[in-house]
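Notes to accompany the following structure.
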Amino acid sequence: MNAQAFEVQVHAVEARRLDPAAALEFVSAPEFGGLNMFVGRVRDHSGGRAVQGVSYQIFDPLALRVFERACAEAMAEFGPRLRAHVSHAKGRLGIGDLAVVVAVGTPHRDEAFRACRKVIEIVKHQSPIWKQEHFVDGDSEWSEGCSLCGSEPAFEPAGETAQPSAAAPSASTPHVHGPGCSHDHAQAHADGERHRA
Amino acid sequence: MKIELSLFGCFGDFEPGARLELEVPGEPCIGDVRAAVDAHGRAHWAGFKPNVLAVSAIGTEDSLLRDPAKVPAHGRLALLPPVNGG
């Protein structure tokens, strides 16, 4: 893993807001002609209900590992000349606040687009992050999402301690969706994922 | 063996501090922990959804662990329901 090429962060919103300009600065280099960035913001509706805010909860140490792996997989597929940034907010956010920033810099635009898409999909589907939506009517609900159980790499037989599993799914590992995935399944299938019926 | 579980997402609402301690006999595997959580949830958690537990992962700060894996000696685990970042 190239630590200088990757920057991964979790920001508690009460301490620090996400900074897209700093993300672009990190992935910039004189030899890079393509910079691509995805910025996720809190929207004002979900499932037909008006939303007033969202709370994100993150299992920081494991999430940062997944972010790093996402960047490494992007570098393996689209690099080696690539820089990537991932930052995600945790805590309570209001409408329009920034939830996630992914930025990628590469020599040309095509690999920048594709690498950025790859990283954000891993962040969304494989990182230990949970979203609780707060509705205008006063109700709050945890959003259903994607199970981490099925994204499992090679598995050693039982009998040894602490065999790593889904925290390190590889690019070739299929993603198994949970009972209430809300993301773009068509894209997921296009990316070679499989769906739990 | 004493298991210290950090509870995330919907599971965090069931216990003060989003933490749960369970005593699981012997040298348990992750599947034993999952069964113990299921039993505890059915007995103590109003609104507990066993189908959500069934698709939830269990891991440490370093990795996720499959059901046949033995629980690490430190006994500290995290219960991770389906995720929804971004």
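In what follows, chains are A, B, ... by sequence order, proteins preceding strands, each numbered from 1.
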_Quick test of your reading: applying salt bridge (charged side-chain N to carboxylate O under 4.0 Å, His left out), list the pairs with at least one residue in residues 40-53 of chain A, sequence neighbours left out, ordered by first then second residue._
A:R49-A:D137, A:R49-A:D139, A:R49-A:E141

_Could you check whether A:H85 and A:E7, counting side-chain N and O atoms only, form a donor-acceptor pair closer than 3.5 Å?_
yes

_I need the contact set between residues 9-25 of chain A and chain B: heavy-atom distance under 4.5 Å, sorted by residue number._
none

*Members of residues 8-27 of chain B whose heavy atoms come closer than 4.5 Å to chain A*: B:F8, B:G9, B:C10, B:D13

*Between B:A57 and B:L64, which heavy-atom pair has the shortest distance, and what is it?*
CB-CD1, 3.9 Å

*Sort by residue number and list every member of residues 36-43 of chain B having a non-hydrogen atom under 4.5 Å from chain A.*
none

_Side chains of A:T106 and A:F78 in contact at under 4.5 Å (non-hydrogen atoms)_ = no

_Within this structure, what is the CD-NZ distance for the pair A:E77 and A:K118, rounded to the nearest 0.5 Å?_
4.5 Å

*asked:* Would you say that more than 12 heavy atoms from the other residues, nucleotides or ligands in this model lie under 6.0 Å from the CZ of A:F113, or not?
replied: no

_Using every non-hydrogen atom in the two residues, find where A:F32 and A:L82 come nearest and quote the distance to one decimal._
CZ-N, 3.7 Å

*Please flag which part of A:I58 lies under 4.5 Å from any non-hydrogen atom of chain B: side chain, backbone, both or neither.*
backbone

*Are A:L93 and A:V136 connected in a single hydrophobic cluster, I mean Ile/Leu/Val/Met/Phe/Trp/Tyr linked by side-chain heavy atoms less than 4.5 Å apart?*
no

*For residues A:V101 and A:M37, report the shortest heavy-atom separation together with the two atoms involved.*
CG1-SD, 3.9 Å

*asked:* Just verifying a value: how many Å separate A:S127 OG and B:L80 CG, rounded to the nearest 0.5 Å?
replied: 11.5 Å

*For the residue pair A:E133 and A:S143, confirm or rule out a side-chain donor-acceptor distance under 3.5 Å.*
yes

*Answer with side chain, backbone, both or neither: which region of B:T60 has an atom nearer than 4.5 Å to a non-hydrogen atom of chain A?*
backbone

*asked:* Using 0.5 Å steps for rounding, measure from the OG atom of B:S6 to the CG atom of B:L79.
replied: 9.5 Å

_B:D62 CG to A:R65 CZ distance, which is reported to the nearest 0.5 Å_ = 4.0 Å

*Kindly check if the number of other-residue, nucleotide or ligand heavy atoms within 6.0 Å of CZ (B:R34) is above 12?*
yes

*Interatomic spacing from OG in B:S56 to CG in A:L148 - rounded to 0.5 Å*: 9.0 Å

*Which one of A:F59, A:W130, A:F38 has the most heavy-atom pairs closer than 4.5 Å to chain B?*
A:W130

*Non-hydrogen atoms of chain B under 4.5 Å away: do they reach the side chain of A:Y56, the backbone, both or neither?*
side chain

